[in-house]
Amino acid sequence: MTKRRERKNGRLRDRALATATTLFGFLCSDLEQQLQALHDGRSVVSIASPKELSDLAVRTQKALQTVLDLEIDAIRAQGKPQGGAPGAASLDLGAARDEIESRLARLAGQG
């Protein structure tokens with residue numbers, strides 16, 4: 001692969017990772033708001049049913065997996081030790097995994 005193509009692929013990976021990370025952040029925020037509203041006994045306007053809340057949790061989990069997959073691909077492509085690829089968002093994978101597991105556990109407890 002030429003250096004030019006490698007740079008282009010790297011930029012595309014970085015952009016995909018940034019997009020996936022942003023999407024994951026939005027979904028986490030929405031899921032957290034929905035769970036907090038349910039916990040507080042408030043009406044949840046944007047979620048009409050427990051199934052929709054469950055679907056939101058699944059989308060959040062899939063977005064996290066996409067972020068992790070893209071970050072791993074970027075690390076492998078650049079031959080860097082795990083810790084982040086240049087230009088990629090720094091992500092504490094263990095903390096992200098723990099956070100999504102705790103949110104899904106809370107969701108399962110409310111269902």
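If you read the sequence from its start, that first residue is 1, and numbering goes on from there.
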Sidechain-backbone polar pair: Ser102 side chain, Glu99 backbone, donor-acceptor under 3.5 Å: yes
Exam field: side chain Thr66 to backbone Lys62, donor-acceptor pair closer than 3.5 Å: yes
Gap separating the CD atom of Gln33 from the OG atom of Ser29, nearest 0.5 angstrom: 4.0 Å
CD1 on Ile72 to CD on Gln65, rounded to 0.5 Å: 7.5 Å
side-chain hydrogen bond (donor to acceptor under 3.5 Å, both in side chains) involving Asp73 - partner list, sequence neighbours excluded: none
OG1-CG distance between Thr60 and Asp30, expressed to the nearest 0.5 angstrom: 7.5 Å
side-chain hydrogen bond (donor to acceptor under 3.5 Å, both in side chains) against Glu101, all qualifying residues, sequence neighbours excluded: none
Pairwise distance CD(Gln61) to CZ(Phe24) - rounded to 0.5 angstrom: 10.0 Å
Counterpart residues, side-chain hydrogen bond (donor to acceptor under 3.5 Å, both in side chains), relative to Asp98 (two or more places apart): none
Atom pair CG/CZ of Leu64 and Arg103 - distance to nearest 0.5 Å: 10.5 Å
